[in-house]
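What follows is a single structure, written as structure tokens, with notes after it.
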Amino acid sequence: MNIERFEIIEEPIQIQSIIDKVTRSEAGAVTTFVGTVREWTKGRRTLYLEYQAYKPMAIKMLERIGKEIMEKWNETEVAITHRIGRLTISDVAVVIAVSSPHRKAAYEANEYAIERIKQIVPIWKKEHWEDGETWIGDQLENVNYPNGEPTAVFEEGKR
Amino acid sequence: MNIERFEIIEEPIQIQSIIDKVTRSEAGAVTTFVGTVREWTKGRRTLYLEYQAYKPMAIKMLERIGKEIMEKWNETEVAITHRIGRLTISDVAVVIAVSSPHRKAAYEANEYAIERIKQIVPIWKKEHWEDGETWIGDQLENVNYPNGEPTAVFEEGKR
Amino acid sequence: MITVLLFAQLQEEMGKERFELEINELSVQDLKELIKQNYNLNQLDHVMVAINEEYALPSDIVSQGDVVAFIPPVSGG
Amino acid sequence: MITVLLFAQLQEEMGKERFELEINELSVQDLKELIKQNYNLNQLDHVMVAINEEYALPSDIVSQGDVVAFIPPVSGG
């Protein structure tokens, strides 16, 4: 697996370059997910966001997601780039590209990737609202961390 | 609905420009599907493809798919461009972009779009193999056209 | 008069993209029969028909001035 | 000695990104307790711990030279 397929960067993400990383002559389908900064969340207005990462571990976790995907859907290839730092409305925060000979797998694997990012990749978002600021946690809203032990972060077999 | 969101073109597709058509500050998720020309199909090697379209009707059908999606998943926006003419290996044949405030809808609507394209949009692909050429039909393999009447092409209520 | 459009393998089989027919009114089904018998097109069974860019049923009526397209199974995407 | 890394709200609460602790060996659970009591960090209950960039269990042992990161619920994507 090419390590540069999983990156944390501070500059704007070039979507095409992420797609290029997974494009190959055997794969007829490439799906991408582009996560952008939303202006309104439940009636509250965002001015800008700040993303912070534990960079070396975040890259490791992205690589792990890539590995999980290639095990679940063989023949797929994955590239993920997450941007950190200060982002304003409609800026691209994350791009996930998955290529596959079969489109079904390309969609499924892509959706799996974003779910896993929200579970295990050490990146945090600080919302700067019109009327205050907050660090956001637990976006999935179904991850409970009793005793700081979400099983989802452990590789199968470790527990 | 902006009519230019649904296009049939003969030049290379700029993926970013399709994404830009649906990006907006209310939508935090954009999914894309990029269909590229595959070199190998069941052990047979493709040299190049030729796509032909019944252009005005193909655009109408793309618009209809967009309308169907906005009815099924409100809050989504859709843009689709299909390229026709001669395409070689790894060239981009089709790009579908869907934006939504909710990522689940963005994935589902995108997959719906490619399924519908393969059912109702009058575009045909001619494979030029190493050892011959064929017009390809019925890609979905589950669309049967007995008496030339696939119900899938009719709008609900028409029959 | 109606205009008939052909695509993909039908276009190659017939050697042209379009032709005109001097008819006033008939059903899609009857038009298919007529063309099968007179034009030596053998692949019409699995072919859809569109009238003026909308898919039509076998019982729909083709009238003067209509553009009728024969749509073989599509393969875009 | 071990190195402790802090992120997001923990970093702001503590006013620093990292600090060092003169300890030899103790469990993740005990380390959390120790830090709760000595450093006035109140939000540690829902915080995961990573040792050398891998998630750790409460029973895992932190040893000399390890880098321990406190990982509040993540919110990337």
Side-chain angles (χ1 to χ4, degrees), chain B residues 8 33-37 49-65 80 82-84 93-96 113-127 133-141 143-155 158-159, chain C residues 2-21 26-62 65-77:
Chain B
I8 307 289
F33 176 84
V34 179
T36 59
V37 177
L49 293 183
E50 225 182 304
Y51 280 100
Q52 190 182 72
Y54 179 15
K55 204 169 159 178
M57 183 169 166
I59 292 170
K60 266 194 189 176
M61 291 301 121
L62 292 178
E63 286 168 355
R64 189 170 122 189
I65 293 168
I80 306 173
H82 203 300
R83 184 176 172 191
I84 57 172
V94 62
V95 175
I96 303 164
I114 184 69
E115 299 295 329
R116 289 298 274 157
I117 287 170
K118 288 173 183 288
Q119 289 174 340
I120 68 167
V121 180
I123 296 178
W124 301 271
K125 174 166 82 171
K126 189 180 195 176
E127 288 269 6
E133 54 181 53
T134 345
W135 283 101
I136 307 295
D138 195 8
Q139 275 205 319
L140 267 185
E141 277 160 27
V143 180
N144 216 336
Y145 280 14
N147 316 314
E149 293 182 56
T151 53
V153 303
F154 295 102
E155 303 199 48
K158 166 145 191 192
R159 301 214 84 189
Chain C
I2 64 160
T3 303
V4 176
L5 303 182
L6 302 168
F7 299 94
Q9 59 268 42
L10 294 178
Q11 192 177 96
E12 290 185 357
E13 205 182 330
M14 188 91 169
K16 51 177 132 182
E17 292 174 26
R18 62 162 65 213
F19 61 94
E20 271 145 16
L21 277 180
L26 84 176
S27 72
V28 164
Q29 198 157 19
D30 292 346
L31 175 65
K32 265 197 181 178
E33 278 309 312
L34 185 148
I35 288 177
K36 261 199 240 181
Q37 284 160 24
N38 292 277
Y39 289 84
N40 207 27
L41 278 178
N42 296 312
Q43 304 176 51
L44 285 189
D45 284 343
H46 296 279
V47 164
M48 290 287 302
V49 170
I51 304 175
N52 303 326
E53 303 170 7
E54 294 288 349
Y55 285 107
L57 296 169
S59 57
D60 284 345
I61 300 300
V62 179
D66 281 348
V67 176
V68 177
F70 286 94
I71 316 270
V74 302
S75 50

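From a predicted model like this one, the values you see are computed outputs, not experimental measurements. Labels below follow one simple rule: chain letters A, B, ... track the order of the sequence lines, proteins then strands, and each chain is numbered from 1.
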Item to check | Inter-chain contacts: residues 9-18 of chain C against chain B, heavy atoms under 4.5 Å | outcome: C:Q9, C:Q11, C:E12
Checklist entry - With sequence neighbours left out, what residues match C:L21 under side-chain contact (heavy atoms from CB on, under 4.5 Å)? => result C:I2, C:V4, C:F19, C:I23, C:L31, C:L34, C:I35, C:Y39
Between [X] and [Y], is there a donor-acceptor pair closer than 3.5 Å when you use the side chain of the first and the backbone of the second?
{"X": "C:K32", "Y": "C:L44", "result": "yes"}
{"X": "B:H82", "Y": "B:A93", "result": "yes"}
{"X": "C:N52", "Y": "C:V67", "result": "yes"}
{"X": "B:Y51", "Y": "C:G77", "result": "yes"}

Checklist entry - Given a strict heavy-atom distance threshold of 4.5 Å, which part of B:A53 is in contact with chain C: side chain, backbone, both, or neither? => result backbone
Checklist entry - Tell me, side chain or backbone of B:I114 under 4.5 Å from chain C's heavy atoms, or both, or neither? => result side chain
Checklist entry - Any ion pair linking B:K126 and B:E133 (charged N to carboxylate O, less than 4.0 Å)? => result yes
Next on the checklist: Do C:V68 and C:L5 make a side-chain contact, defined as non-hydrogen atoms from C-beta onward lying under 4.5 Å apart?
Outcome noted: no
